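Note that the structure is predicted; figures quoted are calculated from it, not measured.
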Amino acid sequence: MFDLSQLQTFDFENSHLLRLTINEADREIAWQQAQHHSNPISRYNAYLNGACLNAVLNWLSEWLAGEAFPQPSVWHSQDISSIWEVVNGTAIEIGDTRLVLIPSAEGDLEELCVPQEWVDIPNWSADYYLPVQVDLDGDEDEFWVEVCGFATHRQLKNEGTYSAGDRTYALPTKELTQSLVVMQITLGLNLQAEVSPLPSLSELKATELLQDLGNPSVYSPRLIFPFEQWASFLANDQCRQQLYNQRILPEVAAVAAAPSVMIQSQANLLQRAKNYFQAGWQMTDEIIEKLGIFDPNLVFAVAGSEAYRYGGSSSHSGIPTLLDLLHDRNKGNQLRAADLLGRVEPGNAEAISALTNLLKTTQDDDVRCQAAVSLGKLDPKNSAAGVRIGKIIELTIRLDTARVLLEITLLPEESDQTNVYLRVLPVRSKTLPLNLEVFVLDEDGEVLWEEQADSDTNRFQNDFSGTMGDYFQVKVVYQEVSITEDFTI
């Protein structure tokens, strides 16, 4: 059993965290290999995993050299790209023991977040899961990875929080075992929980998945089909490789997936938005609920309607009042009424009709966006339905952290056009941080739009149109901190 406590370059007495430098040549190789993926998210995922893997594997190989233990090897090294195209994480095997590295580029890693595939697919599951913080944004010779402890498979299954939205198991880093010496001591023990076998997948269903998921504009194919079907497909080496091959050949993918592309571009913006959940985006309602934010400005004049105020009722009793407020002269009332109508039971004909009519009559962009988003909740296949997603951007300067909400609303337009409505909003503050800058860049890095906050700026907003597959970036800059988010319509 290899003794991690003897590592010469690391003092376990003063810290439980293992930090390793990323070799510049390895980083460049990882970058070049990452270009053989279908879209910006897959390419960055491959880059992150490649850089992380090289640093950790080089260290493990050097440390185990000359010891009476098997040399570490990368599981599925021959077709690792087919995994990185769709799932975050890399498995390393040391004899019969398997470790899974879960890299993250987040500044402060607060939790281990493991894709369900590494936990619930029998031949993918591991003994240990290691969150690895990766810094690829530093100056030359300052790129590094830091192993932030580990969790066992049994711990993830029994104590982890499962999220159906992005299909992950999560554990706060404070609940992980931080000392790798403990992992050394337990190597060889059975630390896996029982995993149910996967159902068999028919050839017809496998062909359907390959056709629907082969389109490279589907950024998170792992979230489209029920997990059992997706897992059975992914666990099949031939199916997984065929999916990868099809996604990196646009001309093949375009022919194979043309019918589903048309359906998505016209009527299923919600599914396209879900492609970004793996990259940390969420439905904006979920973010607001998590932060405990509620807009109190709506004048809600009907007694006994508190449940509707908080979206907790699905009865019809409050709808007439909400319908009246849709035509109120107060914009805040209109916005909140449109929001609340989106919280009644899906398929409510009266609410759908009212929201559809509001879309045709309003001249206000904010009201139009909210009406389309609420319509999307009630009737996702409606040709006028929109979807709104958001992401909290943390801008840490020394010991101070400023937070803003980056929000993107997608609205269908005529033909194959989609309207993109971008907003940057303060979090728990009335104004944006002073001198905060926001840029929208095209695929060539050219600035399409930019704004800078003054002492009274309470939001940035901009809208533009594009076709499915158009790529842009949103860059948020605060003092010396810069964060860029990639987006493909």
Side-chain angles (χ1 to χ4, degrees), residues 34 36-39 41-46 48-50 53 74-93 98-103 113-127 129 153 156-157 160 162-170 192-249 252-253 256-257 260 271 274-279:
H36 301 292
H37 288 268
S38 65
N39 59 64
I41 289 181
S42 293
R43 285 192 287 272
Y44 189 73
N45 184 58
L48 198 65
N49 276 271
L53 171 61
V74 180
W75 184 67
H76 273 281
S77 60
Q78 73 282 3
D79 58 356
I80 192 68
S81 292
S82 68
I83 295 175
W84 290 345
E85 172 70 16
V86 293
V87 180
N88 181 32
T90 307
I92 296 177
E93 293 184 323
R98 181 179 295 170
L99 323 174
V100 171
L101 308 177
I102 305 294
C113 192
V114 182
Q116 186 179 3
E117 290 86 342
W118 291 115
V119 180
D120 288 339
I121 297 180
N123 66 330
W124 280 47
S125 61
D127 301 283
Y129 299 85
H153 182 270
L156 271 176
K157 288 289 289 184
Y162 176 72
S163 170
D166 59 1
R167 293 180 182 171
T168 58
Y169 287 88
Q192 291 200 26
E194 184 177 351
V195 176
S196 300
L198 295 173
S200 59
L201 193 68
S202 68
E203 184 176 347
L204 181 62
K205 177 57 70 172
T207 302
E208 178 187 344
L209 265 69
L210 181 62
Q211 178 174 334
D212 289 350
L213 304 180
N215 175 16
S217 68
V218 179
Y219 275 19
S220 289
R222 58 185 295 270
L223 301 178
I224 305 299
F225 284 86
F227 177 76
E228 289 74 16
Q229 293 180 9
W230 162 248
S232 297
F233 180 88
L234 190 69
N236 184 299
D237 296 345
Q238 183 178 358
C239 289
R240 188 179 65 252
Q241 188 63 42
Q242 286 178 336
L243 177 63
Y244 170 73
N245 292 340
Q246 183 161 312
R247 287 175 62 83
I248 64 172
L249 296 174
V252 175
S260 65
Q271 194 60 67
K274 284 184 176 180
N275 294 335
Y276 283 86
F277 287 178
Q278 188 174 355

Spacing of CG belonging to L210 relative to CD belonging to Q246, to within rounding of 0.5 Å: 4.5 Å

V86 versus R222, closest heavy-atom pair with distance: O-CD, 3.2 Å

Over 12 foreign heavy atoms within 6.0 Å of CD, Q78: yes

Pairwise side-chain contact, W124 with L234, heavy-atom cut-off 4.5 Å (strictly under): yes

Flag for D120-Y169: side-chain donor and acceptor within less than 3.5 Å: yes

Which atom of H36 lies closest to which atom of I248, heavy atoms considered: O-CG2, 3.8 Å

Flag for W75-T90: side-chain donor and acceptor within less than 3.5 Å: no

Between Y44 and H37, ring centroids under 6.0 Å: no

Any L198 side-chain heavy atom under 4.5 Å of W230 side chain: no

L53 and I80, any side-chain heavy atoms less than 4.5 Å apart: no

A34 to R43 - nearest heavy-atom pair and separation: O-CG, 3.1 Å

Gap separating the CD atom of E228 from the OG atom of S196, nearest 0.5 angstrom: 9.0 Å

Nearest-0.5 Å distance, CG of residue D166 to OG of residue S220: 9.5 Å

Closest contact, heavy atoms only, S38 versus R247: CB-O, 3.2 Å

Close side-chain approach of L213 and I224, heavy atoms under 4.5 Å: yes

Main-chain N/O of Q241 paired with S82 side-chain donor or acceptor, under 3.5 Å: no

Side chains of S232 and P199 in contact at under 4.5 Å (non-hydrogen atoms): yes

Closest non-hydrogen atom pair between I102 and N88, with its separation: CG2-ND2, 3.8 Å

Chi angles and distances behind the side chain to side chain contact (heavy atoms under 4.5 Å, CB included) call for F233, L243: CA-CA 10 Å; F233 180 88; L243 177 63; 3.8 Å; yes

Over all atoms of both residues, closest heavy-atom pair of C239 and N236: N-OD1, 3.0 Å

Within-4.5 Å side-chain heavy-atom neighbours: F225 and D212: yes

Derivation and outcome, side chain to side chain contact (heavy atoms under 4.5 Å, CB included), residues H76 and R240: CA-CA 12 Å; H76 273 281; R240 188 179 65 252; 3.4 Å; yes

Check: Y129 side chain, L156 main-chain N or O, donor-acceptor pair, under 3.5 Å: no

Exercise: do N45 and S42 side chains pair donor with acceptor under 3.5 Å: no

Interatomic distance, Q242 atom CD to T207 atom OG1 [nearest 0.5 angstrom]: 8.5 Å

V119 side chain near S125 side chain, heavy-atom distance below 4.5 Å: no

Side chain to side chain donor-acceptor pair (under 3.5 Å) partner of R98, the single match among E93, H153, Q192: E93

